[in-house]
Amino acid sequence: MVQALRRLPSPRLTGLGAGLFAAAAMLVVGFLDWLVLDGSPLAFGLLFLPVSALTALWVRPADLVTAPIAVPIAFAVGVVPIAGGTGGFGGQAMAVVTALAVHAGWLYGGTLIAGVIASVRKVRDMGRRRGRPAPAGPSGPARGERAPRTGAAGPVRDGGQASVRGGGQAPARGAQAPGRDRRPTP
């Protein structure tokens, strides 16, 4: 079974893409539930759980925080067809709010699934990054090393102690260097 799951596509959706995927999938599920099962909340809730899991699995690592946010929005979008409101916009809005309140267990469950999957993926990603060596190059010193300090006359060699030239006091923040005007040049 694990090998069968590994053969499935592994798209990497942006945060917006994951939200659109979840909302579109739940809207399709809601309409199919309304057409085939006459708006069964059990079928809608059961199909919401795998959509939540797929959303959290398919979002790219940089946007993992969006999965638990997009999933409840997708639930609200998908519940519109099965809410059963009548009497115009007000009646439909009241039916959607009522459906969200009545089916809050499914909503919390799917959000919990997306949150747990996203958290586990984030922890694993942080562990992988921690095990890699830091890249060397012009970007700066490696982690744990100090950059060499330089002064106006070249490298400062004071045994690691910070020294301030000119009487032991640092110039005040915003103080002007000697010999400089504050007037703009034409």
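Values below: all heavy atoms of this structure, side chains included; hydrogens, waters and symmetry mates excluded.
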(request) List, by chain and then residue number, the residues other than Leu16 in its hydrophobic cluster (Ile/Leu/Val/Met/Phe/Trp/Tyr, side-chain heavy atoms under 4.5 Å); write none if there are no others. (result) Leu20

Restricting to non-hydrogen atoms, name the atom on [X] and the atom on [Y] that form the minimum distance, rounded to 0.1 Å.
X      : Y     : result
Ala114 : Ala56 : O-CB, 3.6 Å
Ala74  : Ala23 : CB-N, 3.5 Å
Gly19  : Ala70 : CA-CB, 3.6 Å

(request) Walk me through it: do Trp106 and Phe44 pass the test ring pair (Phe, Tyr, Trp, His ring centres under 6.0 Å)? (result) CA-CA 9 Å; Trp106 293 112; Phe44 182 79; 9.2 Å; no

Do [X] and [Y] touch side chain to side chain, with heavy atoms closer than 4.5 Å?
X     : Y     : value
Leu46 : Leu42 : yes
Pro81 : Asp33 : no
Phe21 : Thr55 : yes

Side chain of [X], backbone of [Y]: donor and acceptor closer than 3.5 Å?
X      : Y      : value
Asp63  : Thr14  : no
Gln92  : Ala83  : no
Arg121 : Val116 : no

Give a yes or no on whether [X] and [Y] share a hydrophobic cluster (residues Ile, Leu, Val, Met, Phe, Trp, Tyr; joining criterion: side-chain heavy atoms under 4.5 Å apart).
X     : Y      : result
Val28 : Leu47  : no
Phe31 : Leu100 : yes
Leu32 : Ile82  : no
Leu13 : Val77  : yes
Phe48 : Val79  : yes

Drop me the distance from [X]'s [atom1] to [Y]'s [atom2], to the nearest 0.5 angstrom.
X      : Y     : atom1 : atom2 : value
His103 : Phe75 : NE2   : CZ    : 6.5 Å
Asp125 : Leu64 : CG    : CG    : 7.5 Å
Arg12  : Trp58 : CZ    : CH2   : 10.5 Å

(request) Give the C-alpha distance, both sets of side-chain angles, the deciding distance and a yes or no for side-chain contact (heavy atoms from CB on, under 4.5 Å) between Met94 and Val97. (result) CA-CA 5 Å; Met94 285 179 49; Val97 170; 5.8 Å; no

(request) Output all residues satisfying side chain to side chain contact (heavy atoms under 4.5 Å, CB included) with Ile113, sequence neighbours left out; order by chain, then residue number. (result) Leu49, Ala53, Ile117

(request) Scan Leu57, Val71, Leu107, Thr111 and name whichever one has a side-chain contact (heavy atoms from CB on, under 4.5 Å) with Ser52. (result) Val71

